[in-house]
Number of protein chains: 2
Amino acid sequence: MTEPAGRARRSTGQRILSDAASLFRRHGYEATTTREISEALGIKKATLYHHVSSKEDLLYRICLAALHDVEVNAKAAVEQAEARPRERIRAMIHGHTVAMLAEVDFSHTMLTDMRSLSGDRLNEVVQLRDSYQNWTESLVREAQESGDLREDVPAPHLTLALFNLLNWTMFWYRADGDLAPSQVSELLTTMFLDGASHR
Amino acid sequence: MTEPAGRARRSTGQRILSDAASLFRRHGYEATTTREISEALGIKKATLYHHVSSKEDLLYRICLAALHDVEVNAKAAVEQAEARPRERIRAMIHGHTVAMLAEVDFSHTMLTDMRSLSGDRLNEVVQLRDSYQNWTESLVREAQESGDLREDVPAPHLTLALFNLLNWTMFWYRADGDLAPSQVSELLTTMFLDGASHR
DNA sequence: GTCTATAAATCGATAGAC
DNA sequence: GTCTATCGATTTATAGAC
């Protein structure tokens with residue numbers, strides 16, 4: 001361990017992704033230049049190309065990291081949850097939300113700038129996203145079959161509504177706002193399961 | 001009337017906005033060039049500048065049109081609805097959703113590329129959006145006071161959840177998909193009011 | 001791993017004729 | 001309203017020294 005006192009220092013590779021994701025979130029992938037990224041890192045533009053092969057490769061890695069983080073966290077939360085399907089849904093929403101909000105720059109970039117990828121990189125990221133959504137849909141279907149969720153709305157539609165609730169949160173969440181991540185998770189869970197009606 | 005047989009031909013100004021919005025939706029504002037826009041219109045790049053003062057001006061007008069359409073439609077629907085607050089919420093969701101999906105290119109561009117505006121243009125668009133969201137929040141609060149909506153979640157939070165449901169729909173809606181706009185509206189209304197739990 | 005220097009292409013926007 | 005021609009700035013990316 002050669003890192004300075006106490007906590008591990010993030011590798012250069014990690015810092016490049018974080019700084020780029022921060023810029024991408026603020027100005028968008030297309031509007032951000034490689035010069036801005038390297039300036040934020042305190043290196044010259046040419047040096048950046050020693051670490052990544054292209055600007056698009058940078059976006060690609062950010063998308064992979066964002067999807068990986070959320071998926072791993074959501075699945076771990078579900079594994080640890082009680083067996084009842086309703087509780088597994090709660091755990092999924094909590095794990096997803098907390099992971100997503102812990103890396104807002106990554107998730108925001110993935111959700112809004114994924115379309116700037118092309119070819120194989122785009123295909124891979126889209127497939128990862130779809131497979132995670134399919135896993136979520138199976139969770140929803142399982143909860144319908146157990147009687148925890150309503151069956152008059154098809155599982156794919158319930159799942160679309162769930163991702164509506166989860167994904168748009170990126171656009172208004174503020175780390176310094178009045179809602180902590182677990183409060184956001186609680187809000188989304190309440191709304192997905194019970195809705196806004198008085199009862 | 002000098003338009004060709006039957007229906008009115010859209011003005012050049014309208015066609016420029018539609019074609020640009022279509023490209024912006026597909027590739028993003030920043031990634032779309034003025035050359036691509038003029039080619040889609042069948043005119044030369046320089047001619048485009050006879051109709052709009054800049055590329056950003058084009059985005060600005062698209063955002064204004066998108067916000068105007070949805071707001072006018074939602075408010076008209078609420079005016080015509082029954083007096084009961086719960087029915088006014090239903091009407092808002094329906095009017096909003098149908099207008100939004102009728103002009104997907106405009107709404108999608110407004111929601112994702114608004115951040116590329118700057119200065120006064122950005123301020124004006126943000127203010128229009130905020131004032132519409134405030135109007136919606138007052139609708140929610142009214143429904144809480146009448147006992148139609150739950151009061152254990154603050155009105156601003158219920159409103160955030162509502163816009164989560166409304167806004168992310170842009171990203172998966174397909175005009176040729178299995179859900180017609182009014183079915184989407186029905187899904188979102190059910191989810192907002194009643195949630196996914198079995199009862 | 002970091003630098004200076006530069007290539008090669010493309011961008012938004014304008015000038016000015018018709 | 002539409003065109004041809006072009007300007008000036010900026011972009012991603014590479015070459016090659018240290």
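The chains referred to below are lettered A, B, ... by the order of the sequence lines, with proteins before strands, and numbering in each begins at 1.
Within the nucleic acid shown, A:S54 comes within 4.0 Å of sugar-phosphate atoms alone, with no base atom in reach, counting heavy atoms only. Among the atoms of the strands shown, only primed sugar atoms or phosphate atoms (P, OP1, OP2) are found under 4.0 Å from some heavy atom of A:T32.
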### Task
Evaluate the criterion salt bridge (charged side-chain N to carboxylate O under 4.0 Å, His left out) for residue pair B:R174 and B:D176; output intermediate values, then yes/no.
CA-CA 5 Å; B:R174 296 287 170 261; B:D176 57 359; 6.0 Å; no
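Applying the 4.0 Å criterion to OP1 and OP2 of C:dT14, one finds that B:H50 has every side-chain N and O outside that range. Here A:K44 does not reach the OP1 or OP2 of C:dT2: none of its side-chain N or O atoms lies under 4.0 Å away. Distances shorter than 4.0 Å separate some side-chain N or O of B:T47 from OP1 or OP2 on D:dC3.
When the P atom of C:dA13 is taken as reference, atom CG of B:D57 falls 10 Å away, rounded to whole Å. In this structure, the CG atom of B:L23 is 12 Å from the P atom of C:dG12, given to the nearest Å. Atom pair A:E39:CD and C:dT2:P shows a separation of 16 Å (rounding to whole Å applied). The interatomic distance linking B:Y49 (OH) with D:dT2 (C1') rounds to 16 Å, in whole Å. Whole-Å rounding puts the B:K55 NZ to C:dA13 C1' distance at 12 Å. The CG atom of A:L59 sits 12 Å away from the P atom of D:dA13 (whole-angstrom rounding). As a whole-Å value, the separation of A:R15 CZ from C:dT2 P is 9 Å.
The side-chain heavy atoms of B:R115 and A:H27, taken from C-beta on, include no pair separated by under 4.5 Å.
Taking a cutoff of 4.0 Å between a charged side-chain nitrogen and a carboxylate oxygen, B:R26 and B:D105 do not qualify as a salt bridge.
Checking C:dC3, C:dG1, D:dC3 against the side-chain heavy atoms of A:H51 singles out C:dG1 as nearest. With distances taken from any side-chain atom of A:K45 to the nucleotides C:dG1, C:dT6, D:dC3, the minimum falls on C:dT6. Which of D:dT4, D:dA15, C:dG12 sits closest to the side chain of A:A46 comes down to D:dA15.
Between the side chains of B:T169 and A:N164, at least one donor-acceptor pair of N or O atoms lies under 3.5 Å.
Because its NZ or CZ atom is both nearer than 6.0 Å to the ring centre of A:Y29 and within 45° of the ring axis, A:K55 counts as a cation-pi partner of that residue.
Mapping A:S53 and A:R35 onto DNA chain D via the closest heavy atom, the residue that lands nearer the 5' end is A:R35.
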